[in-house]
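One structure below.
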Amino acid sequence: MTGHPDVADRATAGFSCGYDATPAGRWAAPGRVNLIGEHTDYNDGFVLPFALPLRTVVAADPQPGERWTVRSEIADRPVDFGAAEADSPGRVTGWGGYVAGVVWALRGAGYAVPGARLAIASDVPLGSGLSSSAALEAAVLAALADLGGLDLPAERRPRLAQRAENGYVGAPTGIMDQSAVIRCRAGHALFLDCRDESVDHVPFDLDAAGLAILVIDSRAPHRHADGEYASRRAACERAADLLGVPALRDVPVADLDAALARLPDDETRRRVRHVVTENQRVLDTVALLRAGRVAEIGPLLTASHASMRDDFAITVPEVDTAVEAALAAGALGARMTGGGFGGCVLALVEAAAAEPVAAAVRSAYAERGFAAPDTLTAFPAPGAIRLP
Ligand code: GLA
């Protein structure tokens with residue numbers, strides 16, 4: 001999943017070729033995987049993502065006026081827009097929409113956004129559920145904030161990047177991905193309370209435990225993922241209303257049975273059960289990590305997958321196959337990560353078992369006639385930074 005040559009060099013080269021100039025700086029933001037806590041963020045709950053060593057890099061310099069020109073290594077032509085397009089949500093479409101969305105969100109929050117020329121390169125695979133869009137938003141936000149000398153502390157950035165995605169691009173996502181790619185630290189998972197955005201950096205030293213996280217890109221085509229995501233979110237909000245709580249986060253696991261008894265249908269009960277039990281699994285995972293009992297989180301990961309498959313109904317045969325094959329080959333735990341309907345699976349494995357487990361997943365895929373999955377071994381990397 002890594003590109004060649006180095007992604008930062010590609011961004012610089014894209015800038016130099018495109019604009020015949022040297023960039024004023026380069027800003028990088030990573031992709032992420034979520035260790036556990038799925039579809040809990042927009043329920044004001046808990047998540048535990050970590051940043052990947054795969055990054056998106058933006059090389060940029062200021063340009064006069066309210067004009068933004070953006071080149072990407074995945075596109076032949078630049079995207080160019082001014083204040084009128086930036087101020088009309090949805091007007092710039094495709095990958096350029098994420099850039100325009102950041103300009104829109106910053107302007108909406110009252111910041112004087114500098115005009116800029118940008119060039120983008122990325123090692124984060126697109127459409128694999130590793131938050132390539134959040135990485136792009138975060139790198140652009142960091143570039144514009146520095147170029148404009150904007151007073152914008154890291155804690156305030158995830159909401160602005162999320163607003164770009166929700167309000168400009170039109171995807172009703174929660175706060176997890178943008179928080180992960182901006183606030184994560186190397187060697188740590190980010191324990192985030194999505195209600196008040198407080199964080200705790202939980203040490204996650206896989207090497208010391210002799211373990212590895214294998215990330216398997218299921219390569220399943222995203223089937224109606226946007227509509228299904230929005231409908232899960234709406235179902236959770238309806239259920240919270242019915243239960244008379246601000247969000248499903250407010251249903252403690254001890255009160256789950258009583259809450260379920262008050263809900264009108266089985267589907268709603270299953271959606272609520274996923275969210276309430278998933279929040280508890282995040283808390284249990286954090287407690288084990290803090291106690292240095294890393295290998296013991298495996299069963300919680302696997303339970304999370306079962307809950308997404310059976311209660312939240314967001315998995316597809318490719319991801320279920322990857323999870324089953326990884327577990328059968330000795331993984332300590334495995335689950336789909338991200339919004340669902342495709343994307344990636346993560347498996348916690350003994351370090352020496354990473355390759356045999358990957359091979360077992362590849363052969364299970366071949367048996368079922370699925371496209372061969374990509375794999376990478378992940379470790380917790382830093383969040384968005386300005387490159388030297
Ligand atoms: C996507 C969204 C996140 C979160 C996850 C599911 O990644 O962008 O906000 O809801 O799905 O946990």
Side-chain angles (χ1 to χ4, degrees), residues 29-52 97-98 101 124-138 157-184 189-195 197 199 215 217-218 220 222-237 240 247-249 271 274-282 285 300-301 304-305 307-309 311-316 319 335-346:
R32 64 96 189 93
V33 286
N34 186 21
L35 190 56
I36 196 161
E38 225 62 82
H39 287 260
T40 43
D41 61 352
Y42 56 77
N43 288 299
D44 278 2
F46 306 111
V47 294
L48 191 62
F50 65 90
L52 289 171
Y98 296 97
V124 186
L126 303 180
S128 294
L130 297 179
S131 289
S132 55
S133 53
L136 177 55
E137 292 153 6
R157 295 184 184 197
R159 275 287 167 217
L160 287 166
Q162 182 200 17
R163 210 167 289 152
E165 184 135 354
N166 293 173
Y168 195 95
V169 178
T173 55
I175 192 70
M176 170 170 69
D177 302 342
Q178 292 80 6
S179 301
V181 307
I182 291 169
R183 302 182 74 184
C184 276
L190 182 81
F191 176 37
L192 171 69
D193 180 335
C194 299
R195 171 160 279 165
E197 288 182 69
V199 301
V215 176
D217 183 346
S218 74
H222 276 243
R223 301 174 183 97
H224 314 298
D226 294 352
E228 295 284 357
Y229 184 96
S231 89
R232 293 303 180 284
R233 183 169 183 157
C236 289
E237 284 163 6
L248 292 181
R249 161 5 173 341
R271 304 296 187 254
H274 166 72
V275 174
V276 173
T277 58
E278 185 77 350
N279 271 326
Q280 187 60 43
R281 283 186 287 271
V282 177
T285 302
L300 291 164
L301 305 181
S304 167
H305 187 78
S307 179
M308 290 189 285
R309 182 191 58 212
D311 279 347
F312 219 59
I314 54 172
T315 70
V316 293
V319 303
R335 62 183 290 276
M336 184 186 74
T337 181
F341 306 97
C344 286
V345 161
L346 64 82

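Remember, it's 1-based here, ligands and their atoms both numbered in the order they're listed.
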I'd like the atom pairs linking ligand 1 to the protein - N or O on both sides, separation under 3.5 Å - with distances to 0.1 Å.
{"from": "ligand 1", "atom 1": "7 (O)", "to": "R32", "atom 2": "NH2", "distance (Å)": "3.1"}
{"from": "ligand 1", "atom 1": "7 (O)", "to": "D177", "atom 2": "OD1", "distance (Å)": "3.4"}
{"from": "ligand 1", "atom 1": "7 (O)", "to": "D177", "atom 2": "OD2", "distance (Å)": "2.9"}
{"from": "ligand 1", "atom 1": "8 (O)", "to": "D177", "atom 2": "OD2", "distance (Å)": "2.6"}
{"from": "ligand 1", "atom 1": "9 (O)", "to": "D41", "atom 2": "OD2", "distance (Å)": "2.5"}
{"from": "ligand 1", "atom 1": "9 (O)", "to": "G174", "atom 2": "N", "distance (Å)": "2.8"}
{"from": "ligand 1", "atom 1": "9 (O)", "to": "Y229", "atom 2": "OH", "distance (Å)": "3.4"}
{"from": "ligand 1", "atom 1": "10 (O)", "to": "D41", "atom 2": "OD1", "distance (Å)": "2.8"}
{"from": "ligand 1", "atom 1": "10 (O)", "to": "D41", "atom 2": "OD2", "distance (Å)": "3.4"}
{"from": "ligand 1", "atom 1": "10 (O)", "to": "Y229", "atom 2": "OH", "distance (Å)": "2.6"}
{"from": "ligand 1", "atom 1": "11 (O)", "to": "G339", "atom 2": "N", "distance (Å)": "3.4"}
{"from": "ligand 1", "atom 1": "12 (O)", "to": "E38", "atom 2": "OE2", "distance (Å)": "2.7"}
{"from": "ligand 1", "atom 1": "12 (O)", "to": "H39", "atom 2": "N", "distance (Å)": "2.7"}

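- With hydrogens and angles left out, the side-chain atoms of S128 and D217 include a donor and acceptor closer than 3.5 Å.
- Qualifying salt bridge (Lys or Arg N to Asp or Glu O under 4.0 Å) partners for R195, counting only residues two or more places apart in sequence or in other chains: D44, D250.
- In plain terms, the two heavy atoms of R159 and E197 that are nearest each other are NE-OE2, 2.8 Å.
- With rounding to the nearest 0.5 Å, the separation of OG1 in T285 from CZ in F46 is 12.5 Å.
- Every residue meeting the salt bridge (Lys or Arg N to Asp or Glu O under 4.0 Å) condition with E278, not counting sequence neighbours, appears here in chain and number order: R281, R335.
- Pairs engaging residues 172-182 under the salt bridge (Lys or Arg N to Asp or Glu O under 4.0 Å) rule: R32-D177 [sequence neighbours left out].
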